[in-house]
Amino acid sequence: MHIDARNIDNNSLIEGDICIVGSGAAGISMALELLNTPYKVILLEGGGFEYDSQMQDLYKGKTTGQRYFPLESARLHYFGGTTGHWAGFCSTFDPIDFKERDWVPHSGWPIKREDLDPYYARAQKNLDLGPYEYSAKYWQDKDPELKGLPLDENVVFNKMWQFSTPTRFGTKYRDIIVNAPNIHLYTYANVTDITANQNVSAIKEVTVKNFAGKQHTVRAKQFIIACCSIQNARLLLASNKQAPKGLGNQNDNVGRYFMEHLEIKSAEMWLTKPQALKLYQWDWGVKHRAELAISEDMQRKYRILNGTASLMPLEVAKNQTPMIDLWSADTAKTNAFMKEGERKGKTQKELKSYKAFELFTRVEQAPNPNSRVTLDAQKDALGVQRANLHWELTPLEKHSLRKIYQIIGEQIGISVAGRVRLMEYLQDENDNTWPAFTGGGWHHMGTTRMADDPKKGVVDANCKVHGIANLYMAGASCYATAAAPNPTLTLVALTIRLADHIKQKVKTAV
């Protein structure tokens, strides 16, 4: 069922069993898990079904620290959320990503990789991916032409990615959600405040507003906030009438530990003879490929963060359209761009050999309490204080990036396959500055991080806000560390896991 909140009576009371705030990858995945259950589900979307510049303006904010993208361009504010300009990259986190690492301050999750395995398998379907198989050997057994570099996998291994079409949640799941008898989707219902009971131990209701001047109240037994990492933190911080520091912020953790992936060209690889290296295929339209990754043992030995290196022929890289062109708020433009890339890729499927490659890195950011989201004094058009993002890196990121390529370079040399040449900004071991072309992956993580100890995080292992009985956070804001892969597959898996917990919780309460 779909209701436009602009068209119902002002000050309406909306009631249900479960309220989901946000309809991006996390919010829609949660709703899909609750389809055809006995529970009345209220799904609140601040925008409509299409891009609206007035709605997008609500995401404007300020940035300080390491140079970052404008906040209003980093996330989309309509049904389907940022899947509207998602590029489709998917891979699982590694077991080490969940472990406490003594060389990575604030690392460690209260769950293990194996806790997510069954949910990863279910998430594959939501994202239109292939089988739940992320072993290079599995794909090479299926296709003998998937040749890689002859490296010692105990040092550098081939980490597999699968690629979604990419799935646009707002397109694929719109009719399913709208036609579901127990899902009540309210568009133009922008949540501006969360109200708790007197002792702030449970949530009573949320307030929604829109540009038609309407204000409504939503009450439910369970509340799941699934906006995005910046907006999840912003909403908790802005709900400060009863808790002056913001809800769930008794230990000043809300908004802290904002993480991104550093995505940056880092080196060149020159082979002794041209090779096709189809395992690392770089064309648009591929369904799977590998990137070079550092083994857990080597990460421990050299005390580095997790990261991967993708390969692209230098002659192709020089003519590549910048990735920033993907991130258009205009979904049609983004889809057209990617379809053209896929068309070009299909015309180049013959196994061409190359001798020179650009190596491009995606490396995790160390969890850093000083990298954070706070509130600005300026308010948006609906009266909510805007977000400030301070993105701050540490010397560990630069050290890790440099060491990753030293390890890869040594392995390439040992195999007599060729040589690796670091870019100039990585050559001085005492230089911790970053070049002007340093970029993030548009991957927002952290801000309501998961931890068993309330002093170390905002939510527990079930994504419930510490100290509040019925308030949950969904999505990558719950990540304790960023890992190397793009966050979408893991955030959908984590949301499906949360949905199972919520269903059991509501069932028990009834």
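Counting begins at 1 with the first residue of the sequence. In what follows, every heavy atom counts, from backbone to side chain, and hydrogens, waters and symmetry copies are set aside.
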side-chain contact (heavy atoms from CB on, under 4.5 Å) test vs C90 passes for just one of W161, F163, Y134, namely Y134
Residue pairs meeting ring pair (Phe, Tyr, Trp, His ring centres under 6.0 Å), one or both in residues 400-441, sequence neighbours left out, come to Y425-F437
Using a distance-only test with no angle check, is there a side-chain donor-acceptor pair under 3.5 angstrom linking S266 and T361? yes
Under 3.5 Å donor-acceptor, T63 side chain and L389 backbone: no
Would you call the rings of H261 and H443 parallel, tilted or perpendicular, taking 30° and 60° as the class edges? perpendicular
Stepwise ring-ring contact (aromatic ring centres under 6.0 Å, His included) test for W109 and Y479: CA-CA 8 Å; W109 294 53; Y479 290 7; 5.5 Å; yes
Aromatic ring pairing W139/H288, orientation class (parallel under 30°, perpendicular over 60°, tilted between): parallel
Looking at R362 and E263, does any basic side-chain N land under 4.0 Å from a carboxylate oxygen? yes
Is a side-chain N or O of Q56 found less than 3.5 angstrom from the main chain of H77, in a donor-acceptor match? yes
Main chain of I230, side chain of Y59: is a donor-acceptor contact present, judged purely on distance under 3.5 Å? no
Roughly how far, to the nearest 0.5 Å, is CH2 of W442 from OH of Y68? 7.0 Å
Between D428 and K398, does any side-chain N to carboxylate O distance fall below 4.0 Å? no
Between D97 (side chain) and D94 (backbone), is there a donor-acceptor pair under 3.5 Å? yes
Donor-acceptor contact present, side-chain E33 to main-chain I496, <3.5 Å: no
Donor-acceptor pair, E392 side chain versus S371 backbone, under 3.5 Å? no
Among V465, L471, N253, which residue satisfies the side-chain contact (heavy atoms from CB on, under 4.5 Å) criterion with V459? V465
Could you check whether K60 pairs with D376 (Lys NZ or Arg NE/NH1/NH2 to Asp/Glu carboxylate O, under 4.0 Å)? no
Do D297 and K301 sit within salt-bridge range, that is, some charged N less than 4.0 Å from a carboxylate O? no
If you apply the rule side-chain contact (heavy atoms from CB on, under 4.5 Å), what do you find for L127 with T488, and how did you get there? CA-CA 9 Å; L127 299 167; T488 305; 4.1 Å; yes
Qualifying side-chain hydrogen bond (donor to acceptor under 3.5 Å, both in side chains) pairs, either residue in residues 448-466, two or more places apart: T448-S477
So the salt bridge (Lys or Arg N to Asp or Glu O under 4.0 Å) pairs with at least one residue in residues 409-418 (sequence neighbours excluded) are none
With a 4.0 Å cut-off, would you call K278 and E145 a salt bridge? yes
